Amino acid sequence: MSAFISVVETGGFSAAARKTGQSQSAVSKAVNALEKRLGVALLHRSTRKVTLTDQGQKYYERTKPLLDEILVADNELTSSVQDVSGSIRIAAPSTFGRLHVLPLIPKLLSLYSGLQVDLVLSDALRDMVDDRIDLAIRISQVNDPDSVVRRVASTSLVCVGSRHYFAQRGIPKTPADLIDHNCLIYGEMTEWAFAGSGGRLSIPVRGTLSSNSAETILAGVINGVGIGLMYRASLVGEFETPDVITVLDEFLNETRDVSLVWPKRRFIPTRVRRATDFLTTALSARL
């Protein structure tokens with residue numbers, strides 16, 4: 001039953017195998033055995049997709065709540081008799097993770113000595129099912145119906161550069177002045193958004209350095225290569241030195257939510273719930 005429900009919810013046998021940690025053949029055999037026992041076909045199979053039959057739709061609607069209740073009961077029982085243990089995979093943006101998540105891991109591990117943390121620091125948006133991510137930290141709007149989102153804080157965008165760079169090129173007074181500056185491009189952000197007296201301004205920018213890594217853009221800013229548009233939370237340590245300053249603050253009023261995200265499911269392992277609660281409190285206090 002659980003294999004069948006995993007296939008339905010992931011859209012295929014290979015995705016269900018990744019989600020459950022089984023082989024694709026094991027998932028397929030389990031579903032075939034279920035169909036043989038029931039005497040009906042539950043799924044339409046093709047080379048491109050898997051869909052429910054009418055009987056399969058009815059069976060899914062009846063059995064899904066039952067399986068959820070069993071998982072909840074199992075979880076409540078094991079939570080009451082077992083310590084928090086096992087592996088948890090946490091994903092976070094590279095710079096934010098280095099500055100704000102990594103310093104919290106020792107405390108988390110001291111609270112739960114049976115826990116093992118696999119911390120994935122990457123600016124790429126990870127697929128939580130394919131990459132087996134238990135918990136992700138996102139600094140952006142999350143519009144994923146298959147995920148649960150818990151907002152823990154917010155951070156603003158800042159336009160930042162080094163005093164060395166501004167001594168050579170001058171300080172921009174308005175967003176339009178950026179046309180005469182070397183702007184460091186993060187990802188696909190070739191237009192920077194500002195707030196003006198007439199409303200939102202979208203300024204095309206260009207420069208000699210672009211990267212899909214926020215760490216690279218940050219290094220370019222610190223070393224005087226150019227101006228970057230970054231999240232303030234990713235610059236906490238750099239503001240401790242007088243060489244890094246912000247510009248155009250009066251034209252930037254946009255904030256982004258910092259959120260914890262995890263796959264939507266009725267059963268949440270105890271280790272994930274404990275880590276989520278810990279990071280909610282710790283990040284809220286830190287940001």
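Values below: all heavy atoms of this structure, side chains included; hydrogens, waters and symmetry mates excluded. Worth saying up front: this structure is predicted, and the values here are computed from it rather than measured.
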* Asked: Would you say the side chains of S14 and Q24 form a donor-acceptor pair under 3.5 Å?
  -> no
* To do: Could you tell me whether the side chain of R163 reaches within less than 4.5 Å of the side chain of I245, counting heavy atoms only?
  => yes
* Within-4.5 Å side-chain heavy-atom neighbours: P204 and T190 -> no
* Are R132 and D127 close enough, and set up right, to give a salt bridge (charged side-chain N to carboxylate O under 4.0 Å, His left out), and what steps lead you there? -> CA-CA 8 Å; R132 297 184 183 179; D127 184 288; over 6 Å; no
* Structure fact -> All heavy atoms of V261 vs all of S147, minimum pair found to be CG1-CB, 3.6 Å
* To do: Determine, using the 4.5 Å side-chain heavy-atom cutoff (strictly less than), whether I137 and M128 are members of one ILVMFWY cluster.
  => no
* Asked: Does E250 CD have over 12 foreign heavy atoms under 6.0 Å away?
  -> yes
* Take atom CZ in R45; do more than 12 heavy atoms of anything else shown fall under 6.0 Å from it? -> yes
* To do: Would you mind reporting whether V120 and D131 have side-chain heavy atoms less than 4.5 Å apart?
  => no
* Nearest atoms (heavy-atom pairs only) where W192 meets C183 -> CH2-CB, 3.7 Å
* Asked: Under 3.5 Å, is there a donor-acceptor pair between the side chain of T255 and the main chain of S154?
  -> no
* To do: Evaluate the side-chain proximity of D249 to F251: yes if any heavy-atom separation is below 4.5 Å, no if none is.
  => no
* Asked: Would you call K29-E35 a salt bridge at under 4.0 Å N-O?
  -> no
* To do: Following the transitive rule for hydrophobic clusters with a side-chain heavy-atom cut-off under 4.5 Å over Ile, Leu, Val, Met, Phe, Trp and Tyr, establish whether L109 and L279 coincide in one cluster.
  => yes
* Count the heavy atoms of every other residue, nucleotide or ligand shown that sit under 6.0 Å from CG of L66, and state whether that count exceeds 12. => yes
* To do: Please determine if D134 and R273 form a salt bridge, counting it only when a charged side-chain N lies under 4.0 Å from a carboxylate O.
  => no
* Is there side-chain contact between T155 and L287, with heavy atoms separated by less than 4.5 Å? -> no
* To do: Please check if V148 and I133 belong to a single hydrophobic cluster, counting links between Ile, Leu, Val, Met, Phe, Trp and Tyr side chain heavy atoms closer than 4.5 Å.
  => no
* Counting only heavy atoms not in D144, do more than 12 fall under 6.0 Å of its CG? -> yes
* Asked: Taking the side chain as C-beta and beyond, is there a heavy-atom pair between L43 and F4 under 4.5 Å?
  -> yes
* Donor + acceptor pair across side chains of S213, S211 (<3.5 Å) -> no
* **Check: Y231/R256 side-chain N/O donor and acceptor closer than 3.5 Å** => yes
* So, R169 and H181: side-chain donor and acceptor under 3.5 Å apart, yes or no? -> no
* To do: Report yes if the side chains of I227 and F166 come closer than 4.5 Å at any heavy-atom pair, otherwise no.
  => yes
* To do: Would you sort out whether D257 and R151 count as a salt bridge (charged side-chain N to carboxylate O under 4.0 Å, His left out), showing the intermediate values?
  => CA-CA 6 Å; D257 286 343; R151 180 187 177 277; 2.9 Å; yes
* Asked: Distance from D118 atom CG to I90 atom CD1, nearest 0.5 Å?
  -> 9.0 Å
* Asked: Under a single-linkage definition using a 4.5 Å side-chain heavy-atom cutoff for Ile, Leu, Val, Met, Phe, Trp and Tyr, are V149 and I139 assigned to the same hydrophobic cluster?
  -> no
* To do: Grab the two heavy atoms, one from R271 and one from S85, that are nearest each other, plus how far apart they are.
  => CD-O, 3.4 Å
* Asked: Are L104 and L102 joined in one hydrophobic group, where the rule is that I, L, V, M, F, W and Y side chains link up if heavy atoms are under 4.5 Å apart?
  -> yes
* Structure fact -> Here the pair of heavy atoms bringing F96 nearest to S234 is N-OG, 4.2 Å
* With sequence neighbours left out, write down each residue that passes side-chain hydrogen bond (donor to acceptor under 3.5 Å, both in side chains) with Q168, or none if nothing qualifies. => none
* **E61 atom CD, over 12 foreign heavy atoms within 6.0 Å** => yes
* Asked: Do the side-chain N and O atoms of D123 and S94 include a donor-acceptor pair separated by under 3.5 angstrom?
  -> yes
* V247 to P172 - nearest heavy-atom pair and separation -> CG2-CG, 4.0 Å
* Is there side-chain contact between Y59 and V40, with heavy atoms separated by less than 4.5 Å? -> no
* **Under 3.5 Å side-chain donor-acceptor pair for R150 and T280** => yes
